[in-house]
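The structure under discussion appears below in the form of structure tokens.
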Amino acid sequence: MSKEYKIAVIPGDGTGPEVVAEGIKALKALSQKCGLKLELEEFDLGGEKYLKDGTLLSDNTLDELKEKDAIYLGAIGHPDVAPGILERGLLLKMRFELDLYINLRPVVLLPGVDTPLKDKGPEHIDFVVVRENTEGLYAGSGGFFKRGSPDEMAIQESINTRKGVERCIRYAFDTCKRRNKKRLLTLCGKSNVLTYESDLWQRSFEEVHKDYPEVTTGYQHVDALCMWMIKNPEQFDVIVTNNMFGDIITDIGAIIQGGLGIAAGGNINPEGTSMFEPIGGSAPKYTGLDVINPLGAISAAQMMLEYLGEEEAGGVLLEAIKKVVKNDLESLEAGKMGYGTKEVGDLVVSYI
Ligand code: IPM
Ligand code: MN
């Protein structure tokens with residue numbers, strides 16, 4: 001019998017609660033079908049909560065989250081809260097404090113899903129981006145000097161620690177080996193300009209490679225890699241990169257796999273509690289209209305199950321998602337699916 005998992009659910013802002021509700025619907029159906037045991041606890045965090053009482057993420061809440069087996073997140077971001085407050089005070093704080101040092105973002109085009117790439121199909125788009133998730137430009141190092149004056153300056157520094165870089169690269173090699181597809185790991189950097197940062201990444205990459213002789217490696221500058229993701233995505237298997245480049249290239253990844261309606265990611269601490277989220281944001285303009293696509297959130301739940309080692313339930317859910325996109329949905333875009341948010345959730349459940 002499978003173990004009982006304690007899951008923290010953070011519906012969050014905007015369309016977050018709507019899509020998370022559909023993910024939970026699918027998880028409950030899987031509990032019936034596969035004997036999966038989940039104990040869900042909801043946490044009221046996000047823009048509304050912050051506007052009400054100023055709470056972002058307390059140390060107590062962080063401690064409670066650390067006790068969970070996983071965290072299931074909807075979206076963070078509120079139109080009435082200045083940019084940066086919720087992102088830094090909540091999302092990035094969770095990533096940093098829980099040491100979620102990997103942001104794992106699969107880019108897979110499922111059969112039946114439209115891609116904006118001409119002449120490309122599911123056989124061309126199937127790779128994984130391993131994004132460093134706790135350092136780089138996101139570390140928040142820097143500051144202003146003489147802000148607001150004619151002499152002002154702003155410094156934003158990229159922090160890359162040997163330990164942080166190496167553990168990310170090692171995770172990427174492991175992922176590549178485990179996937180067992182092309183066994184090709186591509187390092188994405190900017191060694192012609194970021195001569196310190198990319199130098200550390202490249203040296204660490206070469207050293208860790210010695211432990212994985214079965215993996216072939218390559219290197220691409222981030223600008224060229226953006227181009228190749230569009231021109232020849234079939235060349236990629238696993239890509240490893242820093243936090244900022246990973247943020248940017250995974251938006252390209254999301255759009256070529258069918259858009260933010262389906263893209264999902266895992267914020268992973270292999271030794272601790274990991275967090276799973278749809279990549280699409282809080283989408284304020286679609287909030288409460290029952291038009292947003294819940295498949296990104298449902299796919300995040302699917303990643304969570306696989307991560308927890310619930311292969312059977314994860315497999316059943318993946319097949320259900322595949323059937324919905326192949327047989328039912330007209331489009332993956334909000335308002336164009338041919339079904340409402342809840343109906344898409346119901347379709348997934350019907351295939352479970
Ligand atoms: C993402 C998002 C976040 C990031 C924002 C909301 C801070 O864009 O998860 O990719 O930049 O990491
Ligand atoms: Mn992003």
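All ligand and atom numbering here is 1-based and tracks the order in the structure. A quick note: this is a predicted structure, and the numbers were derived from the prediction, not measured. All values below were derived from every heavy atom in this structure, side-chain atoms included, with hydrogens, water molecules and symmetry-related copies excluded.
- At least one heavy atom of R95 sits less than 4.0 Å from an atom of ligand 1.
- Within 6.0 Å of CZ in R162 there are more than 12 heavy atoms belonging to other residues, nucleotides or ligands.
- D247 OD1, 3.3 Å is the protein heavy atom nearest to atom 8 (O) of ligand 1.
- The protein non-hydrogen atom at the shortest distance from atom 4 (C) of ligand 1 is Y138 OH, 3.5 Å.
- Protein heavy atom closest to atom 7 (C) of ligand 1, with residue, atom name and distance, is E87 CG, 3.8 Å.
- Side-chain contact annotation: D59 with T61, donor-acceptor N/O pair under 3.5 Å absent.
- D247 contributes atom OD1 as its closest N/O/S atom to the Mn ion (ligand 2).
- Of the listed residues (D251, L86, L91), the one carrying the non-hydrogen atom nearest atom 5 (C) of ligand 1 is L91.
- Of all protein heavy atoms, the one closest to atom 1 (C) of ligand 1 is R105 NH2, 3.4 Å.
- Between the side chains of D151 and S149, no donor-acceptor pair of N or O atoms lies under 3.5 Å.
- Judged by the 6.0 Å and 45° rule, R131 forms a cation-pi pair with Y138.
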Take S58 and N60, measure what side chain to side chain donor-acceptor pair (under 3.5 Å) needs, and give me the verdict at the end. CA-CA 5 Å; S58 68; N60 276 347; 5.3 Å; no
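- Under a 4.0 angstrom heavy-atom cut-off, R131 registers as being in contact with ligand 1.
- The aromatic rings of F173 and Y212 sit parallel, their planes meeting at an angle under 30°, below the 60° perpendicular limit.
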